[in-house]
Each structure stands twice: as structure tokens, then as C-alpha cells.
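Position 1 is the first residue of the sequence; numbering continues from there. Both counts, for ligands and for their atoms, begin at 1 and track the order of listing.
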Amino acid sequence: MNNYAIILAAGKGTRMKSDLPKVLHKVAGLTMLEHVFASVGAINPAKTVTVIGHKAELVEEVAAEKSAFALQKEQLGTGHAVMMAAEALEGLKGQTLIIAGDTPLITGESLKNLLDYHRRHKNVATILTAMADDPFGYGRIIRNDRSEVTKIVEQKDASDFEQQVREINTGTYVFDNQRLFAALKELNTDNAQGEYYLTDLISIFRNNEEKVGAYTLADFAESLGVNDRFALATAEKVMRQRINKKHMLNGVTFSDPDTAYIDSEVEIAGDVLIEGNVSLKGKTKVGQGSLITNGSYIVNSTIGQQTVITQSMIEESSLADQVTVGPYAHIRPGSHIAQGAHIGNFVEVKAAQIGEETKAGHLTYIGNASVGKNVNFGAGTIIANYDGRDKYQTTIGNNVFIGSNSTLIAPVSLGDNALTAAGSAINEDVPADSIAIARNRQVNKDGYAAAKPHHPNNQK
Ligand code: UD1
Ligand code: CA
């Protein structure tokens, strides 16, 4: 029988105090909604419907390829939200997973276990529950003296006695699809919040003598519902531990996994060493045996093998094998650094191709440039690529030697083996094998310094 999934993501998330819909807040680089999609994928739903409402267009953008949508114009509660999916799912045979978009830590494995449990027990409804040390805020699972689930009571509706219960509703369930949509018609808003509670379905089924049950998570951490930014930070921390552990088990060394911030989609090969206070963002990939030292911040970039990044920032760029970068270098979007190249301290590279074994050791800016192999940039080289309106391209051949403090005024090109004298301002192309000297010739005036106040002869 088919599985279906409904993801609830119409709420504003008032407690987040944010302009952004709650489910679009990110945990380890992905929106909470994307984490939920990833987990839901584990049960292979034949159809997934995401219920959207608050800022629906924004939410739809994130989920467009993964889901159909149902619009909930007014957020009248979780039960009402599920009713919106009736058009897409009502009448279909199978079981339907319902999960909230704000529970990013529930794993695909747990969803599979929940579904298996539901099938094995031939339930009409099965709740995913967890034991909380502090259950405040969650719906409580109420059981009778035979330990059967009889209902879920929301925090705001719970009696003093019910508030003592530590078993909580994670907001994730599996239902028989047809029974789900039939029973939704019996919901009312007779409760503390005046909403249609999805959770009331449990007592409705019980009263019909239909079989309901609960599958309890081993680890409460999975069930965390993110309602405010404190919980968001907690989710981030749990996710971080999971991600870093996965990499460690794959052969990556972390000096301090508590301060290594690795986004969900980052790929790291074996024998990479990641020091503390490192951020690897987005779709960054790091190749075998590379070293990323303390303070490095790498976004959507590909790092080759045995490459060393020392306290540097790299954005949207690719670095080949055996490259060395830093300390304090900044590689900006659109750059490619070829094998064995060295980008040293206080060097900025932007939209530039740097050839093999090329070295820019110190205090240099290389923007909008194509640079050949084995080029040496002297300290303080600046490519003047911008005239205040347009950017211009610089082309540098192989084996070029650029004297310290040269300014290359783009557009300009330097042929293979060319050399520029230190301190030159180069605004014309330099042919291959030539030296360009573009500075005033030095003049020494004999004895003139003796007349100047600094001279010992003129001191009082
Ligand atoms: C809900 C459960 C509670 C459970 C908790 C787990 C109900 C009544 N309560 O409470 O038992 O312990 O989740 O985290 O279901 N949403 C809509 N439309 C609406 C209302 C909500 O789409 O009209 C969505 C929200 O965007 C959110 C999810 O449903 O993704 C849960 O809503 P929320 O208001 O956070 O419910 P809780 O109060 O946390
Ligand atoms: Ca919630």
C-alpha cells in the first residue's frame, strides 16, 4: 500500500519574532523544511503535500521540486491545516505520515520505524512520542491504566495532573489515509486556543473503538519542536554533533568538534584535519588529506587534496591539489587556483584564474585576471581592475615575474616570461620576454641632504 506525506508549514511562527516564516529558518545550512523533506524521503511517499499559508510564495520556492502544495489561507490549527490536503489525498488507499515543518531533527530512520510499527500493529493512527525531561509546551500523551493511549492534551488544556506527564507528542503521526480524512470532519474548536487540533483525532478514533498506538523515540533530542530562537540554537547544536560525528566516522579528524560548523551538504574526504572555529558552508567539498586551520571560513567552494587553508576566507571558488592559502587570505567568488599555487598573507583574489605553481605571497590584489603557470607576484602588487564604472580584464602569461609594488592597470596583458620592475605602473601590454620599467628614473643630488633640518649638522 502507498505511503503519503503531509508536511505542515503554514504557520507564521509567532514566537520566532521573525519576518521569515518559521520553517525557512536554517539549521546547519538548510531550512528546517529541507531537513524534514530529507527525512520524509526515507519512507518513499507516492505523494507529498506541503500545507502553506503564511508567506506561501517563499515556502513554495524552497519546496517546489519536492512537493505538491495546499494553501491554508487562515491558520486555524493543525487539524484545519491537514483538511487543506483533502483535495490531493482524500479517498486514496494507504497510510499517511503527518509531520510538522518545525521538527528538523526527526530522522528518516525514526519515520521508517514509526511506519513499520503502525503496520505491524494494524493501527488506524500511530503517534511518534518521546520522553521529555521538561515536557512544557508539548502535547502530552495520556494513557489509561492498561497503558493504552487514549488522547493527547495540549499544554494549554492540560490539568495539573496531565501536566506531570513526561511523554510528549512530537507532532508526527501515521494515519490510515481514508480514516484520517473522515475523522477530520468531526473536529471542533472547543479548546483553550479555539483551534482545530489535529491531536483531537486520537480521542475521536478511541471513541469509535479504532486502534491507536504510540511509537516512542529512544532519543528525545530528535523530537525537538523549534518554536523560538532558543530552540533553534539547540537544534543547530544537535545537528552539528550529528554531522561532525558522521564525518569523524568517515575518517575526518576534528581538533574540537564543538566549534567546527559544518553545513549539512558539505562533503569531506578522509584524513582531512579540521581545527576549531572552522566554518564549512553550503556545498563545500574538501579533498583527501587537506588541512583547514583555526578561523577559516569556506563557502560553496571545492578544495582539492593535500591543500592547506590557514585562517582564511574562501567563497564560491575552486582550489586544486597542494594549494596553500593564508594566513589571512581572501579568495572571492569565481576564482580557480591551480595545483601547487600559493596565495599568501593579506592577498585577495577575485574572479581570477591562477595557474599552477604561481605564487602571490604577500599583500596583493588580483581581480578579474587570468594568470599563467609559475608566475611570481612581488609583495604589494595591485591589479587596478576598476575605473569606477566598469571592470577590466588582465591577462598574465607563464613564468612572469612581477616586481614588488607594481600596479597593473587593466585592461592589460603581460606575455610569457615578462618582468615588471618594482614600483611600476603598467598601463600598456608587455610583450613576451620583455622587461617593463614604468617609473621615474632615480636622481641623486650630492650633498643636498646636508642642508636639511634632519641632518646632524643642523641640530641645536
Ligand atoms: C503541536 C502539537 C503538539 C506537539 C507539538 C510538537 C497540535 C494541536 N499540537 O503543537 O501536541 O507536542 O506540535 O512540536 O497539533 N501549522 C499550520 N497551520 C496551522 C497551525 C500550525 O500549518 O493552522 C503548522 C506550523 O507551521 C508548524 C506545525 O503546524 O509547522 C505545528 O504548529 P505549532 O503551532 O508549532 O504547534 P505546537 O504548538 O508546537
Ligand atoms: Ca511547534
Handout entry: Protein heavy-atom partner closest to atom 30 (O) of ligand 1 - residue, atom, separation in Å
Key = L8 O, 2.9 Å

Problem - Identity and distance of the protein heavy atom lying nearest atom 33 (P) of ligand 1 - result: R15 NH2, 4.3 Å

Practice task
For ligand 1, indicate whether the residue A81 contacts it via side chain, backbone, both or neither (heavy-atom separation under 4.0 Å).
Solution key: side chain

Exercise for the section: Could you see which bit of A9 sits under 4.0 Å from ligand 1, with heavy atoms only: side chain, backbone, both or neither? Expected result: backbone

Problem - Option whose closest heavy atom lies nearest to atom 31 (C) of ligand 1, chosen from T14, V59, I52, T78 - result: T78

Completion exercise
One checks the Ca ion (ligand 2) and counts protein N, O or S atoms under 3.0 Å, reaching 2

Handout entry: Flag: protein heavy atom within less than 4.0 Å of atom 11 (O) of ligand 1
Key = yes

Exercise for the section: Run the contact test for K22 against ligand 1 with a 4.0 Å cut-off on heavy atoms, strictly below, and give the result. Expected result: yes

Practice task
State plainly whether the residues E167 and R140 are in salt-bridge range, i.e. N to O under 4.0 Å.
Solution key: no

Exercise for the section: Output yes when the distance from some N or O of ligand 1 to some N or O of E154 is under 3.5 Å, and no in every other case. Expected result: yes

Handout entry: Backbone or side-chain N or O of G139 under 3.5 Å from ligand 1 N or O
Key = yes

Exercise for the section: Kindly indicate whether a cation-pi arrangement holds for K391 with Y386, taking the cut-offs as under 6.0 Å to the six-membered ring centre and within 45° of the axis. Expected result: yes

Handout entry: Contact (N/O only, under 3.5 Å) between G11 and ligand 1
Key = yes

Practice task
Consider every N or O of E74 and every N or O of ligand 1, then say whether any pair is closer than 3.5 Å.
Solution key: no

